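Comments concern the structure below.
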Amino acid sequence: MWTFAEHLYAEIDDEATGCLFRDWEPDDVDLLESALGYHPTWAVQVDISGRIDGTAEVRQLAALMLGHGGVAFDDYSEHPWSLVEIEAGTAVDGLGFFDFRAYHERHHGPWT
């Protein structure tokens, strides 16, 4: 595990020796494969400290990691986000990338 911006905790997982895709629905794996054009065998999972908002840090890390391709999933939508979509502020089904506020309001009421 490594730390980015002091508040993001990243871990690389691979399909051969790790738990990659074990808890994914088959439709979600299909969505990922469709977005990439191939079946990935590794991924980076990033957890965010609950002590910060994390939006700026997540966007900065996404820009670094997706600069040469790939997609990112967040916990708030089922969309595979490209860097172009993230940087453009694209919304899919009313949610942007890492849009925890809109997700929370949709499912739990106004964010406080």
Side-chain angles (χ1 to χ4, degrees):
M1 182 174 300
W2 51 276
T3 304
F4 178 81
E6 299 182 28
H7 299 287
L8 304 185
Y9 305 97
E11 187 171 0
I12 297 174
D13 194 8
D14 68 87
E15 196 168 27
T17 61
C19 299
L20 186 61
F21 305 128
R22 287 189 186 164
D23 62 348
W24 285 50
E25 294 294 327
D27 289 345
D28 293 335
V29 176
D30 291 344
L31 183 64
L32 175 61
E33 290 173 352
S34 178
L36 293 174
Y38 61 91
H39 179 86
T41 58
W42 65 275
V44 177
Q45 178 177 327
V46 179
D47 295 311
I48 302 155
S49 169
R51 298 182 312 264
I52 65 164
D53 173 284
T55 301
E57 292 85 353
V58 167
R59 289 181 176 278
Q60 182 182 9
L61 183 57
L64 291 170
M65 295 190 72
L66 301 177
H68 296 286
V71 295
F73 278 89
D74 61 24
D75 289 340
Y76 308 104
S77 72
E78 295 179 2
H79 182 73
W81 297 97
S82 70
L83 182 56
V84 170
E85 292 172 317
I86 293 169
E87 290 180 337
T90 301
V92 176
D93 295 327
L95 296 171
F97 174 70
F98 192 64
D99 198 351
F100 62 89
R101 285 185 181 87
Y103 177 88
H104 187 275
E105 288 178 8
R106 180 181 289 177
H107 295 280
H108 305 288
W111 181 264
T112 56

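Treat the numbers as computed from the prediction; the structure is a model and nothing was measured.
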Tyr9/Val46 under side chain to side chain contact (heavy atoms under 4.5 Å, CB included): CA gap, chis, key distance, verdict
CA-CA 5 Å; Tyr9 305 97; Val46 179; over 6 Å; no

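- Looking at heavy atoms from C-beta onward, Phe21 lies out of side-chain contact with Pro26 at the 4.5 angstrom threshold.
- The two atoms that bring Asp13 and Cys19 nearest to each other are OD1-N, 3.1 Å, heavy atoms only.
- By the 4.5 Å heavy-atom criterion applied to side chains, Leu20 and Asp14 are not counted as neighbours.
- The two residues His79 and Trp81 make their nearest non-hydrogen contact at O-CD1, 3.1 Å.
- With respect to Phe100, the side-chain contact (heavy atoms from CB on, under 4.5 Å) criterion is satisfied by exactly one of Asp74, Asp75, Asp53: Asp53.
- Between Leu31 and Glu78, the shortest heavy-atom contact is CD2-O, 2.7 Å.
- Residues Ile48 and His7 are not in side-chain contact: their nearest non-hydrogen atoms beyond the backbone lie 4.5 Å or more apart.
- Residue-environment remark: CD (Glu15) exceeds the threshold of 12 foreign heavy atoms within 6.0 Å.
- For His108, the NE2 atom sits in a packed shell: over 12 heavy atoms of surrounding residues, nucleotides or ligands are nearer than 6.0 Å.
- Between Val58 and Leu8 there is a side-chain heavy-atom pair separated by less than 4.5 Å.
- Salt-bridge check for Asp93 with Arg106: failed, with every basic side-chain N at 4.0 Å or more from each acidic carboxylate O.
- Side-chain contact check for Phe4 versus Gln60: some heavy-atom pair is nearer than 4.5 Å.
- In this structure, Phe98 and Tyr76 have perpendicular ring planes: the angle between them is above 60°, well past the 30° mark.
- His39 and Glu33 share a side-chain donor-acceptor pair at under 3.5 Å.
- Scanning all heavy atoms of the two residues, the minimum distance from Leu36 to Gly70 falls at CD2-CA, 3.7 Å.
- Across all non-hydrogen atoms, the minimal contact from Ala63 to Leu83 is CA-CD1, 3.6 Å.
- The line from CD of Glu85 to CG of Leu66 is 10.5 Å long, rounded to the nearest 0.5 Å.
- Hydrophobic clustering of Ile, Leu, Val, Met, Phe, Trp and Tyr side chains at less than 4.5 Å, counting indirect connections, unites Val44 with Phe97.
- Two residues are said to be in side-chain contact when any heavy atoms from C-beta on lie closer than 4.5 Å; Glu25 and Val29 fail this criterion.
- In this structure, Trp24 places its CH2 atom where more than 12 heavy-atom neighbours from other residues, nucleotides or ligands lie under 6.0 Å away.
- Ile52 has its side chain within reach of Glu57: a pair of non-hydrogen atoms, C-beta onward, lies under 4.5 Å apart.
- Of all non-hydrogen atoms in Gly94 and Ala102, the two that sit nearest each other are O-CB, 4.4 Å.
- Ring geometry for His107 against Tyr103 counts as tilted: the plane angle lies between 30° and 60°, on a 0 to 90° scale.
- To the nearest 0.5 Å, the span separating CG on Asp99 from NE2 on His104 amounts to 12.5 Å.
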